[in-house]
*Asks:* 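What follows is a single structure, and I will ask about it in a moment.
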2 protein chains.
Amino acid sequence: MVNKNTFASNCVDCNCKSSIFKHLSHPELDIISNSKFQVVYKAGEIIFKQGTPSPYFVCITSGLVKIYIEGYGKNLILGLVKPVDYIFGPGIYVDNRHHYSAAAVEDCTACLIDVNVFKRLIRENPDFADEFIKRVSLQAIFNFEQVISLTQKQMPGRIADVLFYLSEKIYCQNPFELSITRQDLADLSGMSKESAIRILKEFKEEGVLTLHGNHLEILNIKQLRHISEKG
Amino acid sequence: MVNKNTFASNCVDCNCKSSIFKHLSHPELDIISNSKFQVVYKAGEIIFKQGTPSPYFVCITSGLVKIYIEGYGKNLILGLVKPVDYIFGPGIYVDNRHHYSAAAVEDCTACLIDVNVFKRLIRENPDFADEFIKRVSLQAIFNFEQVISLTQKQMPGRIADVLFYLSEKIYCQNPFELSITRQDLADLSGMSKESAIRILKEFKEEGVLTLHGNHLEILNIKQLRHISEKG
DNA sequence: GAATAAAATTGATAAAAATCAACCAAACAG
DNA sequence: CTGTTTGGTTGATTTTTATCAATTTTATTC
C-alpha cells in the first residue's frame, strides 16, 4: 500500500499555519519533512484498517477521507477529514494500532509521518503538545455531541445534524456538492440506507432542501435547525 | 458548593503512583497539593453541570462518581469514575467549560486542582504530558467501543457490555455490589428503565446471572460474552 | 452507445424498543 | 409503627426503525 506512489515535498510549503503543526519552527518542520512520505489514494481505496499496526501519523494533504468503525454488520462513520487535517489514531499513544478504519471518499494524498518523530516533537515543544491536546479535546467534545445525536435523536434529527456537519465543517458552503453516497450518509447517521433516503425525501417535500444529483442545497436552515433541536 | 467542607491533605500521601500523576516529582506534587482543595459530596449530589465554567481539574479520591450528558429528555452516562482517577473536562483545553455533568453515585471526596497549575505542569514535564495524552487516548478508544455498542447492538448486547464494564473496570470483582439504580443502568445502556429491567430479568431466567437486591453475580460469563458478541 | 454494474428508490412487512398506566416493595420520617 | 416517598416491576399498546424484495436510475466498461 505504502510504496505505490511516493515523492518528496516540504511541510513548510504545505498549508501548515492553520494545521496542528502551526507552532513548529522551520527546523522542526524539516525534521518531519525528512521523515515523512506522501501517498496517493483513489476514491474508494482503504487507507488503513482498524486493528492493523499504526507506525505513522497520517496527515491528509488533498481530497476527502472518511474515518469509520467497522461494527456489527455495518459501519459507523465517525467523520470526514479534509486538508490540511490529520487522521489521528489514538492508538499511537496506547497500543500502536488503529482503532478505526480510513478510506478515500475522493481521490486524495496523505503524508505519513513516523510516530516516533511525532511523539518526540510533542515532548520537545510544549506549544505543539498544547495544540495537539487542544485538538484531541475538541474531537472529544464533538464525539459527545455525536453520541447524543446518535442515541437520543430520531432519524430526522440525526440526518439534520449530519447535514449541518457536512455543510458547516466539511464543505463550508451552501449549496454544496455532496461527494458521498447515500450509504455513507446513512453510516454517518446510524441508520439504514433506505431510512436515510426516506428522510431526505421528506425534507425535500417539506421544502427544507433541494437535491439534484450530487447538488444539495439547504433552503430552510431555520426549519432544519428546528428538526435538529426537537430531537 | 465548593466551600462546604474543605481540608488540607497532601498528594504524596494519596495513591498517586498509579494515577495520572505517577511521573510527577515530589516538588511538583507539592505544587498541586498547595493549589488544590478537597470537597466532600453526598450520594446523589451534583459535582458539576455541563455548560458551567471549568476552573478546576477534578480528581476523585474516594467514593464513586458518574459522568453523564444531559441530552434530549434523558441522560447518557459516559462512565463511572472511582479513586484515584480524574473527571477530565476536555473543555479545559478548549473553552473552559464542562461538556458533561458529574454526580456522586456514592458519598465521595474530590480534589479540585487549578487548571492553570495543571496545564503548566503539562508544559514543563513531558512525562506527565505523555501520561495525560495516553489516558485521553485510552478514553477515546473506550468511547469508540461504547458508541458502537450503543448504536449497533440490541438491548441484550448493550446490557451485557455494561455489565462487563462494571464488573471489569469499576467493581473489579464478581460477584459485586451494585450501587447504581436501574435508571442509571438504563442510562449507561441507552435505553428506558423498563427495558433494562426486562433484559436483566431475561438474563436471570436464562441463568446468566443472579440478582438479589444490590448483589449481582455473573454466573455464565461465556454466555454473557456470547450475547455481547452477537450484537 | 450498448451492455453491465452499481447506486438509489419505493412499498410492504416485521422486528425492536419506547411509552403508558398500574401496581408492588423497600426505605424512611414523623 | 404507620404513612409516604422512592425505586422497581409488569403487561398492554404504540411508535420507530430495519429488513426484504422489487424496480428504477445512474454510472462504467468494452
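In the text below, chain A, chain B and the rest are named by the order of the sequence lines, each starting its count at 1. Values in this document were obtained by computation on a predicted structure and should not be read as measured data.
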*Asks:* Under the rule for side chain to side chain donor-acceptor pair (under 3.5 Å), what residues qualify as partners of B/His226, not counting sequence neighbours?
*Replies:* none

*Asks:* For B/His98, enumerate each residue passing the ring pair (Phe, Tyr, Trp, His ring centres under 6.0 Å) test, keeping only those at least two apart in sequence or located in another chain.
*Replies:* B/Phe48

*Asks:* Are any of B/Ser195's side-chain N or O atoms less than 4.0 Å away from OP1 or OP2 of C/dA18?
*Replies:* yes

*Asks:* Of A/Asn214 and A/Lys74, whose closest DNA chain D nucleotide lies nearer the 5' terminus?
*Replies:* A/Lys74

*Asks:* For the helix from C/dG1-D/dC30 to C/dG30-D/dC1, figure out the bend between the end axes, five pairs an end, and round to 10 degrees.
*Replies:* 50°

*Asks:* Looking at residues at least two apart in the chain, or sitting in another chain, which of them share a side-chain contact (heavy atoms from CB on, under 4.5 Å) with B/Val84?
*Replies:* B/Cys14, B/Asn15, B/Ser19, B/Cys59

*Asks:* Atom pairs, N/O to N/O, protein against nucleotides 8-14 of chain D, distance under 3.5 Å?
*Replies:*
residue	atom	partner	partner atom	Å
D/dG8	OP2	B/Arg182	N	3.2
D/dT9	OP2	B/Arg182	NH1	2.5
D/dG11	N7	B/Arg198	NH1	2.9
D/dG11	O6	B/Arg198	NH2	3.3

*Asks:* Considering residues at least two apart in sequence or located in another chain, which fulfil the side chain to side chain donor-acceptor pair (under 3.5 Å) criterion with B/Asp107?
*Replies:* none

*Asks:* With heavy atoms under 4.0 Å as the rule, sort A/Gly190 into base, sugar-phosphate or nothing.
*Replies:* sugar-phosphate

*Asks:* Once you round it to whole Å, what is the distance between C1' of D/dA18 and CG of A/Asp187?
*Replies:* 14 Å

*Asks:* Can you run down the ring pair (Phe, Tyr, Trp, His ring centres under 6.0 Å) pairs that involve residues 135-169 of chain B, sequence neighbours left out, and say none if there aren't any?
*Replies:* A/Tyr100-B/Phe144, B/Phe142-B/Tyr165

*Asks:* What integer distance in Å separates B/Leu178:CG from D/dG7:P?
*Replies:* 16 Å

*Asks:* Give me the ring orientation class for B/Phe21 and B/Phe118: parallel if the planes are under 30° apart, tilted from 30 to 60°, perpendicular past 60°.
*Replies:* perpendicular

*Asks:* Measure CD/A/Glu202 against C1'/D/dT16 and give the value in whole Å, please.
*Replies:* 12 Å

*Asks:* Sequence neighbours excluded, which residues qualify as side chain to side chain donor-acceptor pair (under 3.5 Å) partners of B/Thr151?
*Replies:* none

*Asks:* Compute the ring centroids of A/Phe37 and A/Tyr56, then answer whether they are less than 6.0 Å apart.
*Replies:* yes

*Asks:* Report all side-chain donor-acceptor pairs from residues 71-82 of chain B shorter than 3.5 Å, counting only partners two or more places apart or in another chain.
*Replies:*
residue	atom	partner	partner atom	Å
B/Tyr72	OH	A/Lys153	NZ	3.2
B/Lys82	NZ	B/Ile170	O	3.2

*Asks:* Tell me, which of residues 149-159 of chain A have any heavy atom that sits under 4.0 Å from an atom in DNA chain D?
*Replies:* A/Gln154, A/Met155, A/Arg158

*Asks:* If I take atom OG from residue B/Ser101 and atom CD1 from residue B/Ile67, how far apart are they, to the nearest 0.5 angstrom?
*Replies:* 10.0 Å

*Asks:* Got a second to check how far B/Ile197's CD1 is from B/Glu194's CD, nearest 0.5 Å?
*Replies:* 6.5 Å

*Asks:* Please report the distance, rounded to the nearest Å, between NE2 in A/His212 and P in C/dA8.
*Replies:* 17 Å

*Asks:* Pairs under 3.5 angstrom, nitrogen or oxygen only, protein versus nucleotides 23-30 of chain C, please.
*Replies:*
none

*Asks:* For B/Met191, does its backbone N or O pair with a side-chain atom of B/Ser195 as donor and acceptor, under 3.5 Å?
*Replies:* no

*Asks:* Test: ring pair (Phe, Tyr, Trp, His ring centres under 6.0 Å). Region: residues 172-217 of chain B. Which pairs qualify, not counting sequence neighbours?
*Replies:* B/Tyr171-B/Phe176

